[in-house]
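These notes concern the structure reproduced below.
Just so you know, these numbers use all the heavy atoms, side chains as well, and skip hydrogens, waters and symmetry mates.
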Amino acid sequence: MKIKPGAPALLVSLALITLTGCGMNDSSGSSTPSGSAGSAEAPLVGTSTSRDAADAVEKASSELYDLIGVKGKGSESRSGVMECEGKDPATYFKVFHPWSFYPASADQLDEAMERLKSELPKHGWKVVGYEPDTSQAKNLVLTADNTEKKYGVSVVQMKKNDPPKLSLTVVSGCYRVPEGKEVDRF
């Protein structure tokens, strides 16, 4: 798979901007609605090692793959670890998993997005955005939160890409590393 330089970083930035705190509830029950100018503090998920949290976010990505419901292929990618803004980086972390879905046929991209839009709410996700982005290509972007798992996902439909694809990034809320352990960055 060929990736343009900087594309993964751009995708993660997009996910962070749109997903951090966009309606996901933290343990105190407060939330920041999508698109608000309020705090972008991510919710606390719980205690975990970086590796276990990465496995969990990749499992969530696998469940999303199943919800797409059209024939195609997912890219092979691994998750990563990043800091939780405003929290001690030695103690708190988030995980993210960027990946792509390539349908068997380009004309299935619309079907895949519509299926995600309709299936996500049936599986604990709340769609908080479904609109074109501001790029010249006007890529359709679906943003959803899972308040129970404290995950967010951004799905970008890239029809004009060669090959056409869905670009997905799943981002967790903030985890606290277990006592006596360190945040493993990868």
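A90 and V183 make their closest contact through O-CG2, 3.6 Å (heavy atoms, listed as atom of the first residue, atom of the second, distance). For S48 against P178, the heavy-atom pair with the smallest separation is O-CD, 3.2 Å. Listed here is the closest heavy atom pair of P103 and P164: CD-O, 3.8 Å.
For NZ of K126, the number of neighbouring non-hydrogen atoms (other residues, nucleotides, ligands) closer than 6.0 Å is 12 at most. Atom NZ of K73 is surrounded by 12 or fewer heavy atoms from other residues, nucleotides or ligands within 6.0 Å.
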Run the side-chain contact (heavy atoms from CB on, under 4.5 Å) test on L64 and L120 for me, step by step, so that the C-alpha distance in whole Å, both residues' side-chain angles and the decisive distance to 0.1 Å come before the verdict. CA-CA 8 Å; L64 292 171; L120 283 169; 3.3 Å; yes
Test side-chain contact (heavy atoms from CB on, under 4.5 Å) on E182 and V177 and set out the steps. CA-CA 6 Å; E182 293 181 5; V177 73; 5.7 Å; no
Working note: R185 + E83, criterion side-chain contact (heavy atoms from CB on, under 4.5 Å); need CA distance, chi angles, decisive distance, verdict. CA-CA 9 Å; R185 307 234 180 244; E83 293 181 7; 4.0 Å; yes
Does the side-chain contact (heavy atoms from CB on, under 4.5 Å) test come out yes or no for V141 and S154, once each step is laid out? CA-CA 7 Å; V141 179; S154 174; 4.0 Å; yes
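Under the salt bridge (charged side-chain N to carboxylate O under 4.0 Å, His left out) criterion, R51 pairs with D184, sequence neighbours left out. Residues passing the salt bridge (charged side-chain N to carboxylate O under 4.0 Å, His left out) test with E114: none are found, sequence neighbours excluded.
A side-chain donor-acceptor contact under 3.5 Å links E58 to the backbone of S79. With hydrogens and angles disregarded, no donor-acceptor distance shorter than 3.5 Å links the side chain of E119 to the backbone of L116. With Q157 contributing its side chain and L109 its backbone, the two residues share a donor-acceptor pair below 3.5 Å. Within the 3.5 Å criterion, the main-chain N or O of I68 finds a donor-acceptor partner in the side chain of R115. Judged purely by atom type and a 3.5 angstrom limit, H97 has no side-chain atom pairing as donor or acceptor with the backbone of D55. Listed for the S75 side chain is a donor-acceptor partner under 3.5 Å among the backbone atoms of S100.
If you look at Y65 and F101, their ring centroids are closer than 6.0 Å.
In this structure, the side chains of Y92 and L44 come closer than 4.5 Å at one or more pairs of heavy atoms. In this structure the side chain of N139 never reaches within 4.5 angstrom of the side chain of K159, judged on heavy atoms. Using a 4.5 Å heavy-atom cutoff, the side chains of V155 and S167 are not in contact. Counting heavy atoms from C-beta on, the side chains of M82 and V171 come closer than 4.5 Å. Side-chain atoms of V153 and W125, non-hydrogen and from C-beta on, do get closer than 4.5 Å to each other. With a 4.5 Å cut-off on side-chain heavy atoms, S50 and F186 count as touching.
A distance of 11.5 Å separates SG of C84 from CZ of R176, quoted to the nearest 0.5 Å. Between L142 atom CG and E131 atom CD the span is 10.5 Å, to the nearest 0.5 Å. Interatomic distance, Y151 OH to S61 OG, rounded to the nearest 0.5 Å: 9.0 Å. One finds the OG atom of S172 at 11.5 Å from the NZ atom of K150 (value rounded to the nearest 0.5 Å). Note that OG1 of T91 and NZ of K181 are 14.5 Å apart. Values are rounded to the nearest 0.5 Å. One distance of note links CG of D110 with CG of L140; it measures 8.0 Å at 0.5 Å rounding.
Between K149 and E63 a salt bridge is recorded (basic side-chain N to carboxylate O distance below 4.0 Å).
Among V70, L166, V156, the one residue that satisfies the side-chain contact (heavy atoms from CB on, under 4.5 Å) test with M113 is L166.
A cation-pi arrangement is not found for K165 relative to Y102, the charged atom failing to lie both closer than 6.0 Å to the ring centre and inside a 45° cone about the ring normal.
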